[in-house]
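Here is the structure we will look at, set down as C-alpha cells.
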Amino acid sequence: MTDSFSFFFAFLIFIGFFFLSVKKGVLSILSSGLAAASAMAVFFVGMKFVPDLAFQFAEIEIEWKKAVYISGGAALFVFLVVRILGGFALKSMLGPEGFLHSFVDGTSGGILSLFPSFVIVILLFTCIRISGTLHELNYAASLSRDKVDQMAEQIPSYPWTSAWRDSVEDIPFMGSILDSFDPFSNRANRNAGAFAIMNQSSLIRSHLLSQPDSAKLAASEKIIKVNQDPRVHEALKDHDRIKLVFTPAIREIAKDPELKPLLKRVQLQPILKGHVKKLKSAGARPE
C-alpha cells in the first residue's frame, strides 16, 4: 500500500477535479490553481535565493526560519493578488459573456482542470517529501547515537512518512521535477546532510563503507571533512536538520560534480534498515 499510495491519491485528485469541473464548471478551481502555482513559485524561489542574495549584496546572514517568514509572506501576498486579479481575468474569458465560455464545463472544463489538479498534486507531494526527509534525518541521527547497539531492540521502524516520500520519487520524472525547486528535500542536499549526521558514528560509518551504494560516499574526504565546518557543527549540535541541509558547506558538497550523481542516486531506506537489522541480529546472539 505504501508503494502505491502517492500514485493512488494523485489519481483521486485528478479524477475528483475532473468530474467536479464537468458538473460545476472549472472557473473557481482554475483561478485557485493559478494562484497556488504562483504562490508556490514565489515561496520556493525565495527559499532558494533570498539567503544567498542577502549575503551577497548586504552581507546579512538570513537563517532558514527568517527565509520562511519572508518567502511565506510574499507567497501569501501573491496568492491573494493572483486569486483576485486572475479570477477577474478568467471570468472575462470563461464567464457567460466570455469568448471561451464553452470551455467552462463539460469535457473541456474537465480537461482544463488537469492544470489545478497537477498543482495540488505537486503541493501534496512536496509536503510529503519535506515531512519524510525531516523524519529520515531524525532517524539517521537516532542510529548515530553512542551505544545505539546496546538499545537495538528499542529502535523503531523506518519512518512511514519517509517510505511515502520514496514512493513519490518512484513516479517517473517526479524526483527530478521536485528537486528543481525544493532546496530541502532535494535528493543531493538531503543525502549530503544525512552523511554529515552519520559521520558522527563509527558504527554506522562502517556499515556505510560495507554497502556498494554508499561506500564511495562514506569514503569521500570532502564528506568526511564537512563536519569540521563551524556551521555544520553548530547545526548538528542544535539538532536542527533544516539548518544543517541549508548550510553552505552541505550545499557545496551537493553541487560537487563527482559527488552529486552519487548523492542523488543513493537511497538510504534499505541502507538504514539493513543497519538496524544487523544491530538487532548482533544483540540477539548469545554471549
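For clarity, every value in this text was computed on a predicted model and none was experimentally measured.
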| message | Tell me whether Ile84 shares a hydrophobic cluster with Met93, the cluster being built from Ile, Leu, Val, Met, Phe, Trp, Tyr side chains joined at under 4.5 Å. | response | no
| Atom pair CG/CG of Leu262 and Leu217 - distance to nearest 0.5 Å | 5.0 Å
| field | Cluster overlap Tyr158 with Trp160, hydrophobic side-chain contacts below 4.5 Å | value | yes
| task | Indicate the atoms forming the closest heavy-atom contact of Leu30 with Phe115, along with that distance. | result | CD1-CD2, 4.0 Å
| query | What do the steps show when you test Glu252 against Lys222 for salt bridge (Lys or Arg N to Asp or Glu O under 4.0 Å), and what is the final call? | reply | CA-CA 10 Å; Glu252 282 301 314; Lys222 292 179 181 179; over 6 Å; no
| query | Can a donor-acceptor pair be found between the side chains of Ser201 and Arg145 at a distance below 3.5 Å? | reply | no
| 4.5 Å side-chain heavy-atom contact, Asn186 and Val245 | no
| Validation row: Asn189, Asn191 side chains within 4.5 angstrom (heavy atoms) | no
| request: Evaluate whether atom CG of Asp238 has more than 12 neighbouring non-hydrogen atoms of other residues, nucleotides or ligands under 6.0 angstrom away. | output: yes
| said: Is there a side-chain contact between Ile171 and Phe125 in this structure, where contact means two heavy atoms from C-beta onward sitting under 4.5 Å apart? | reply: yes
| note | Rounding to 0.5 Å, atoms CD1 (Ile155) and NZ (Lys273) come to a distance of 14.0 Å
| query | Do you know which two heavy atoms are closest between Arg165 and Ile128, and how far apart they sit? | reply | N-CG2, 3.8 Å
| message | Salt bridge or not between Glu221 and Lys216? Use side-chain N to carboxylate O under 4.0 Å. | response | no
| task | Return yes if a side-chain donor-acceptor contact under 3.5 Å exists between Arg241 and Asn138, otherwise no. | result | yes
| task | Verify side chain to side chain contact (heavy atoms under 4.5 Å, CB included) between Ile204 and Leu272, making sure each step is shown before the conclusion. | result | CA-CA 9 Å; Ile204 197 170; Leu272 295 178; 4.0 Å; yes
| request: Answer yes or no: is there a side-chain heavy-atom contact under 4.5 Å between Ile122 and Met174? | output: yes
| remark: Rounding to 0.5 Å, atoms OG (Ser167) and CD (Gln269) come to a distance of 9.5 Å
| task | Flag yes if Leu80 and Leu85 sit in one hydrophobic cluster, no otherwise; membership is Ile, Leu, Val, Met, Phe, Trp, Tyr, and two members link when side-chain heavy atoms are under 4.5 Å apart. | result | no
| message | Looking at Ile177, is its backbone amide N or carbonyl O close enough to the side chain of Ser180 to form a donor-acceptor pair, meaning the two atoms are under 3.5 Å apart? | response | yes
| task | Work out which heavy atom in Leu209 is nearest to a heavy atom in Ala218; give both atom names and the distance. | result | CD2-CB, 3.7 Å
| said: Is the shortest side-chain heavy-atom distance between Ile271 and Val266 below 4.5 Å? | reply: yes
| request: Report yes if some heavy atom in the side chain of Arg265 is under 4.5 Å from a heavy atom in the side chain of Lys260; otherwise report no. | output: no
| Hey, what do you get for CG (Leu259) to NZ (Lys264), rounding to the nearest 0.5 Å? | 14.0 Å
| Would Leu134 end up clustered with Leu137 when hydrophobic side chains under 4.5 Å apart are linked, directly or stepwise? | yes
| said: Suppose we screen for ring-ring contact (aromatic ring centres under 6.0 Å, His included). Which residues come up paired with Phe118, at least two apart in sequence or across chains? | reply: none
| task | To the nearest 0.5 angstrom, please state how far the CZ atom of Arg129 sits from the OG atom of Ser162. | result | 12.0 Å
| Would you say Asp182's side chain and Ile130's backbone share a donor-acceptor pair under 3.5 angstrom? | no
| Closest non-hydrogen atom pair, Ala196 against Val232 | CB-CG1, 4.4 Å
Quick one: side chains of residues 7-27, donor-acceptor pairs under 3.5 Å with protein atoms, not counting sequence neighbours, listed by atom name and distance.
residue: Ser21; atom: OG; partner: Phe17; partner atom: O; Å: 2.8

| query | Do Thr247 side-chain atoms and Leu244 backbone N/O form a donor-acceptor pair below 3.5 Å? | reply | yes
| task | In sequence, state the C-alpha distance, the side-chain angles, and the governing distance for Thr161 and His135, and then conclude on side chain to side chain donor-acceptor pair (under 3.5 Å). | result | CA-CA 7 Å; Thr161 53; His135 290 155; 2.6 Å; yes
| note | So OG of Ser144 and CD1 of Ile197: to nearest 0.5 Å the spacing works out to 7.0 Å
| said: Quick check: closest heavy atoms across Ala219 and Ile224, and the distance to 0.1 Å? | reply: O-CD1, 3.8 Å
| Contact check, side chains of Leu263 and Ile253, non-hydrogen atoms, under 4.5 Å | yes
| said: Checking Asp166 against Arg187 for the salt bridge (Lys or Arg N to Asp or Glu O under 4.0 Å) test, could you report, in this order, the C-alpha distance in whole Å, the side-chain angles of both residues, the deciding distance, and whether it holds? | reply: CA-CA 11 Å; Asp166 290 348; Arg187 287 170 292 180; over 6 Å; no
| Do Ser281 side-chain atoms and Lys277 backbone N/O form a donor-acceptor pair below 3.5 Å? | yes
| Leu203 backbone acceptor or donor facing Ser206 side chain under 3.5 Å | yes
| said: Tell me which pairs pass side chain to side chain donor-acceptor pair (under 3.5 Å) where either residue lies in residues 108-128, with sequence neighbours left out. | reply: none
| query | Taking the side chain as C-beta and beyond, is there a heavy-atom pair between His207 and Lys278 under 4.5 Å? | reply | yes
| task | Mind telling me whether Phe246 and Phe184 have parallel, tilted or perpendicular rings, with 30° and 60° as the class edges? | result | perpendicular
| Hphob cluster co-occupancy, Val119 + Val121, side-chain heavy atoms under 4.5 angstrom | yes
| request: For Leu208 and Ser214, work out which heavy atoms get closest and say how close. | output: O-OG, 2.7 Å
